[in-house]
Amino acid sequence: MHVPDGFINAPTSAATGVIAAGAVAVSLRGARRELDERTAPLAGLVAAFIFAVQMLNFPVAAGTSGHLLGGALAAILVGPFTGVLCVSVVLLMQGILFADGGLTALGVNITNMAIVTTVVAYALFRGLVKVLPRTRRSVTVASFVAALVSVPAAALAFTLMYAIGGTTDVSIGKVATAMVGVHLLIGIGEAVITALTVGAVIAVRPDLVYGARGLTRKLKLRVNGELVDAPGAEPEPAPVAARTSHRKVWAAGLVTSLVLAGFVSFYASADPDGLEKVATDHGIDKKAEEHSAADSPLADYGVKDVDDARLSGGWRASSVWVSRSSRAPACSGPCAAAVRTTRPRRRPRARRARPAPRASDMGAGHAHKLYRHGHSPVHALPPHTKLAAVFAFVVVVVSTPREAMWAFGLYAVLLAVVAYLARVPAGFLLRRLLIEVPFVAFAVLMPFVAEGERVDVLGMSLSVNGLWGAWNVLAKGTLGVAASVLLAATTELRELLLGLQRLKLPPLLVQIASFMIRYGDVITDEMRRMRIARESRGFEARGVKHWGVLAKSAGALFIRSYERGERVHLAMVSRGYSGAMPVIDEVTASRAQWSYALALPLSALAVCLVGWTL
Amino acid sequence: MDAVTASLEVSGLAFAYPDGHQALFGVDFAIARGERVALLGPNGAGKTTLVLHLNGILTGGTGSVRVAGLPVGRQHMAEIRRRVGIVFQDPDDQLFMPTVREDVAFGPAAAGLKGPELEERVDRALERVGMAEFKDRPPHHLSFGQRRRVAVATVLAMEPEILVLDEPSSNLDPASRRELADILRSLEVTVLMVTHDLPYALELCPRSLILSEGVIAADGPTGELLSDEELMRAHRLELPFGFDPRSVTMGA
């Protein structure tokens, strides 16, 4: 569901960008209410948890596995606002560091995957909790339904955006059918794991489940033999007044949404067609496991299971991928939604070697493997100038008319010049470009499924519009990925964060991101230790009946992540932290550095303007 | 502030965790300025819980804690946290910034220091733990012993009234353990060292408290407590094989 550059048109991208920015702004305030000054460390650790959990693969059906998306889980465990922030930060870092999800499509991605999932899940969850009896079991049931609906909801949101701003003509019905149908299935896995995880957490640390506040009991203390009430140790339980009066409204809303969901799923399954198959097979994209951007990013895209005979037959070019991926899980992920985006799913290296989908796949991902150490002039530029340049460049590329083919060639030349200056070898860049392959695969299908005027090529009837669409997505997506890869290859993680801060990204977001990165490895390590412990005792997740074990692992991991977040927070407040990070370093850029960095987007702009006038 | 004021005063402290587990059942003790005191106790005695009360991280139980006469509570929190420097057990919790320098600078910068003054404070703290040349390294690239020393530096940089160390010797090899002991001995601050490493306590702290089942079970000179076999057995404290506290000459 990580939408690449060029997939959704510029105005829609901009509009969703505004929506995403607004929602993130609201969430920043809301998260402060949920967590007060603990926001940065806790949200950072929860974000690290989410990306670790996304590596938790669960077997869905024969040859298929899914992985958690985590929006619903985050909303229920830490509250909707913090949930939105955590998932947004994960997406932001994926886009910038791993070229996963286009920079100009960040708004689309955040809106679908962070906002829609979280909001839908949480609204539904609160509604159910109000209607159901006030017990822990109800919380689990509510989590199940919330997660179940959140995934297809994100798919629908994507479809809506596609209807408004899609750059290719594929009928909306087909898109909706494919998206929702596939994601309904994935939603079931998401739902089971989410519910079991919430259940596992609630059994051990009920106080950590945001959505279950108010179910905790008053504590008693024994002091020198006497029992006394603990004075206000617990946060006030959320007010539950007016519960009864709204019960009917909530119930009606719930029934309506369930009926709708049922209807949609019926519709979805009634019309299986090529696109749906495609979507299932590879369009669905996976969330990239960020840090697992292991040494060779493409090494592990579990996604592209192009095991569809039609496809793999007619499409030799990617036969490598076909053969590799047909062994991998077919649609490994409650990919929040989108068909087309086909984002590369970077699977931990280990997965490659494995013949079958394994639930235990948690990567040994490490820091920032896209970075290539060097001392070139490009490396030396201040990070914020590079970020600004790359972003501007991608915007220009996306706004170029698709008919101006020569312009895209010139853009590629510009990037090649940058790569040369940065002393990034072509092989390095090209290998990392393969990140794009799954989505290229989708583009190749467009000429077959798009509507409108058709043309015969080598005896196949292809849609002219589809051909242009494929070209458009391919060219723009590739250039976007290449620009991001160059950025990531020449800028250290730490610098990127300083750059983001310098570009006035809200400091809280930067802090969350930096905690996520600082603790990503620590959390992933804990996950790995838990897996080793499980496997040492002979456990291997092979089917649905093992979901419970995986969910308990996720629950334990959440508790560990959260508690570490608390300990880090303690260490911070112990040294005087009160909600704002002290400023220790300032990054500055000279005018010369700015002009050097901006040379790239400005030349691109010139090309673009010529493209429009010709 | 007069020298008579204790660095730390704890009275009647009781606390239970949200899951209902009660860890402290009325703890009383005081530590004078400049003392080095060990807080001994078996696993699960409530040592770490007690530490978290010293700078107001855990609250909501009953009883009181005073640091240099100042009650630990909402209104003096910033001052309390500057004065009580806690070095946590896991340096990964303590070192959350991207480089050693930034981590050490975090505390003083949060207190409002900046520029050369801040830089000087960082250098001095790192100097005191012998980690000056690691200033620009990321913490996770250091060895465990080095990380522990940097963790001590992050707290020293705040020039605390009392230094509280939670299991300072855990996971250290003998050389790092000795280096840390030398560093701690060279510091002129009040030290409360929480540990179940008894020889380390004897080496560094003239006085010890035994925390057992959530209350202070004994308070006295370290050598005497460690030699009282009955007391030790009663609180699950065991000396390492072959270690005789009576035969050790105390280097205070």
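Note that these values count all heavy atoms, side chains included, but never hydrogens, waters or copies made by symmetry. Numbers restart at 1 for each chain; the letters A, B, ... are given by sequence-line order, proteins then strands.
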Sequence-distant partners of A:Arg529, side chain to side chain contact (heavy atoms under 4.5 Å, CB included), two or more places apart: A:Asp525, A:Glu526
Within 6.0 angstrom of A:Glu563 CD, more than 12 heavy atoms from elsewhere: yes
Residue list, side chain to side chain donor-acceptor pair (under 3.5 Å) with B:Arg81, at least two apart or on another chain: none
B:Val84, part contacting chain A, at a heavy-atom distance under 4.5 Å: backbone
Heavy-atom contact with chain A under 4.5 Å, split by part of B:Ala105: both
Interface residue of largest heavy-atom contact number with chain A, from B:Leu118, B:Thr154, B:Leu113, under 4.5 Å: B:Thr154
Interatomic distance, A:Ser574 atom OG to B:Gln94 atom CD [nearest 0.5 angstrom]: 7.5 Å
Criterion side chain to side chain contact (heavy atoms under 4.5 Å, CB included) on A:Arg564 and B:Asp90, from CA distance to verdict: CA-CA 10 Å; A:Arg564 186 177 290 273; B:Asp90 184 349; 3.3 Å; yes
Residues which pass side chain to side chain donor-acceptor pair (under 3.5 Å) with B:Arg101, listed by chain and number, not counting sequence neighbours: A:Asp585, B:Glu119
Inter-residue atom distance B:Glu102.CD - A:Ser514.OG, 0.5 Å rounding: 9.5 Å
Heavy-atom neighbours of B:Glu79 CD exceed 12 at 6.0 Å: yes
Nearest atoms (heavy-atom pairs only) where B:Ala110 meets A:Arg575: CB-O, 3.8 Å
Portion of B:Phe96 that has a non-hydrogen atom of chain A nearer than 4.5 angstrom: both
Salt bridge present between B:Asp92 and A:Arg567 (N-O < 4.0 angstrom): no
Option that, when pairs with chain A are counted at under 4.5 Å, heavy atom only, ranks first among B:Gly115, B:Ala109, B:Pro160: B:Ala109
Inter-residue atom distance B:Asp93.CG - A:His569.NE2, 0.5 Å rounding: 13.0 Å
Inter-chain contacts: residues 50-57 of chain B against chain A, heavy atoms under 4.5 Å: B:Leu52, B:Asn55, B:Ile57
